[in-house]
Amino acid sequence: MPELPEVETIARQIAERVRGKTIAAYRSDWAGVAARTLGARVAGRRITGVGRRGKLIVFHLDDDHVLLVSLRMTGRLVYDAAPNGEVDRSLRATFTFHDGTRMRFLDSRKFGRILRVPRGDVALDADAEVRHASLPLHARMGIEPLTEAFTVEWLTAFFARRSRAALKPLLLDQSGIAGLGNIYVGEALWRARVHPTRTAGSLTRAEVARLHEAIVWVLQKGIRLNGATLGFAMGDFADVEGRRGGMQREFTVYARAGEPCPRPGCGRAIVRTVVGARGTFHCPKCQKEPERGAVHPRRATAKPEAARRSRAGAGEPR
DNA sequence: GGCGATGTTTCCCC
DNA sequence: AGGGGAAACATCGC
């Protein structure tokens, strides 16, 4: 479940606790989490800063490398939390600092990853489009939606480039916009009153503007509430001290099939569908389904020169 | 005990 | 290009 707000919550909390500390030891008995040599490579390195890029937690080391932590589905990073049964069973790696405190990586499903890469190998800049082929995870990450680079104009151009893609899978693609996941995409689409299977090219200017506002709004709200925790079962999201988030109480559609749409004056039952193999929730009244098989023509209001440019562009060889 | 579903990402096929 | 499905793995609920 960790999406941008959850990862941001972890990164901020961890940053306060480990910034400036030196790694005394790294221990992991699980081959999947990182190379066996990671311990030798990070021992003695100081953590100069902690940040987030997309859904990755980024630890800056004093040797021009970064440590990337991908939580994937069930990964967790906890700091000096009292070990309990859950910790014992899903513990995958432990960082011990010189002051004796510890940061643990837990992951019941073992999808998470810890990587050490040269700093220049990862596109850390907010709007970097560069990629690095040697990076096995998140080789390519798109724009950061909470930076000034993410504007309505950017989103308009992005949708023009990917006009035939269905909206929801497109928003989940980390190489376009980095950090959105199943929950926040669903919430943003509801807020913008746009159906998940509309194609990107079919949106009106007003809809693109609403969606832009909605994406930023739901992410900021998620961060403000320290992320979302669903059932608090093993592997569910918890912060670095094991506490739940609060965003789940504010969900409008996610996991609310059958419940009334919370929009004032609506109240229609929320529907669950499957889009791109992911559970998808929407309000059938607020989010109008696209016409089946409809080819969305350029809007009738399109300026003549825009239409000509678009025709010429379509016919050009690449 | 079996089956289906679960937040993410990658990869392969059509 | 984009959609569908499966896989990575473990657990939970019915």
Side-chain angles (χ1 to χ4, degrees), chain A residues 1-10 30-33 52-57 68-77 85-92 105-115 122 131 133-142 158-187 196-202 218 222 227-238 244-245 247-248 251 253-257 272-281 290 292-293 295-296 313-314 318:
Chain A
M1 169 203 346
E3 304 180 24
L4 188 153
E6 289 74 30
V7 177
E8 178 72 21
T9 298
I10 298 292
W30 176 45
V33 77
R52 174 193 61 74
R53 177 71 171 98
K55 298 176 191 172
L56 292 178
I57 299 162
L68 304 177
V69 177
S70 170
L71 302 174
R72 284 294 248 285
M73 298 273 269
T74 51
R76 292 172 49 181
L77 224 39
E86 176 184 350
V87 169
D88 292 343
R89 273 199 292 170
S90 62
L91 178 66
R92 304 298 172 206
F105 179 70
L106 281 46
D107 189 2
S108 71
R109 287 178 74 174
K110 300 181 182 174
F111 290 166
R113 290 291 180 270
I114 300 178
L115 303 168
V122 56
R131 70 195 84 165
S134 75
L135 204 61
L137 192 63
H138 293 279
R140 180 178 179 180
M141 263 187 301
F158 177 56
F159 284 170
R161 271 202 309 280
R162 307 287 299 275
S163 64
R164 303 179 71 91
L167 222 36
K168 192 187 174 207
L170 181 59
L171 293 175
L172 288 174
D173 181 351
Q174 302 297 298
S175 71
I177 301 171
L180 291 172
N182 204 30
I183 291 174
Y184 290 91
V185 164
E187 294 296 307
T197 63
R198 292 273 300 280
T199 57
S202 75
V218 297
T229 303
L230 295 180
F232 214 36
M234 179 184 295
D236 209 339
F237 173 75
R244 302 172 54 105
M247 181 64 187
Q248 66 283 355
F251 288 167
V253 289
Y254 185 79
R256 296 207 184 283
R272 179 186 190 276
T273 60
V274 174
V275 178
R278 312 293 302 277
T280 300
F281 301 86
R292 288 187 306 140
V295 185
H296 294 281
R318 52 230 205 86

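What you are looking at is a predicted structure, and each value in this text was computed from that prediction instead of being measured. A note on names: the letters A, B, ... follow the listed sequences, proteins ahead of strands, and every chain is numbered from 1. Side chains are part of it too, since the values below use all heavy atoms of this structure and drop only hydrogens, waters and symmetry mates.
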Rounded to whole Å, the CZ-C1' distance (Arg278(A) to dG7(B)) equals 7 Å

Salt bridge (charged side-chain N to carboxylate O under 4.0 Å, His left out) filter on Glu187(A), not counting sequence neighbours, yields none

Please answer whether the main-chain N or O of Ser163(A) pairs with a side-chain N or O of Arg161(A) as donor and acceptor at a distance below 3.5 Å. no

In this structure, OG1 of Thr273(A) is separated from CZ of Arg278(A) (nearest 0.5 Å) by 12.5 Å

- Considering only atom P, compute the distance from dG1(B) to dA8(C) and round it to an integer number of Å. 23 Å

Subject >> Per-pair stack call Phe111(A) and dA8(C), 5.5 Å, 30° >> reply: yes

*On a whole-Å scale, what distance lies between the C1' atoms belonging to dG5(C) and dG4(B)?*
16 Å

*Verify the contact: side-chain N or O of Gln174(A) to OP1 or OP2 of dT8(B), cut-off strictly under 4.0 Å; return yes or no.*
no

Atom CG of Leu56(A) and atom C1' of dT9(B) are separated, to the nearest Å, by 11 Å

CZ of Arg164(A): more than 12 outside heavy atoms within 6.0 angstrom?
-> no

dist Met73(A):CE -> Asp107(A):CG (nearest 0.5 Å) comes out at 10.0 Å

Taken to the nearest whole Å, CD1/Ile10(A) to P/dG7(B) is 19 Å

Base-pair string, DNA chain C, Watson-Crick plus G-U, cut-off 3.5 Å on both distances, | for inter-strand, is .|||||||.|||||

Rounded to whole Å, CG of Leu171(A) lies from P of dT9(B) at a distance of 14 Å

Check nucleotides 2-5 of chain C for protein N or O atoms closer than 3.5 Å to its own N or O atoms and list the pairs.
| residue | atom | partner | partner atom | Å |
| --- | --- | --- | --- | --- |
| dG2(C) | OP2 | Arg162(A) | NE | 2.8 |
| dG2(C) | OP2 | Arg162(A) | NH2 | 3.3 |
| dG3(C) | OP1 | Ala166(A) | N | 3.0 |

Note: Glu6(A) and Phe237(A) closest approach over all heavy atoms is CB-CE1, 3.5 Å

Rounded to the nearest 0.5 angstrom, the CG-CZ distance for Leu71(A) and Arg109(A) is 14.0 Å

>> What's the gap between dA1(C) and dT8(B) when it is taken at their C1' atoms, as a whole Å value?
In response: 22 Å

Closest heavy-atom pair, Leu4(A) versus Lys55(A), reported as atoms and distance to 0.1 Å, is N-CG, 4.3 Å

Problem - Pairwise P distance, dC3(B) and dA6(C) [rounded to whole Å] - result: 15 Å

Rounded to whole Å, the CG-C1' distance (Leu71(A) to dT6(B)) equals 16 Å

To the nearest 0.5 Å, atom CD1 of Ile177(A) lies from atom CG of Leu170(A) at 7.0 Å

Of the candidates dC9(C), dT6(B), dT8(B), the side chain of Tyr254(A) sits closest to dT6(B)

From CZ of Arg76(A) across to P of dT8(B) the rounded distance in Å is 17 Å

Separation of dT10(B) atom C1' from Lys55(A) atom NZ, nearest Å, is 13 Å

Rounded to whole Å, CZ of Arg272(A) lies from C1' of dG4(B) at a distance of 11 Å

When every non-hydrogen atom of Val253(A) is compared with those of Phe281(A), the smallest separation belongs to O-CB, 3.3 Å

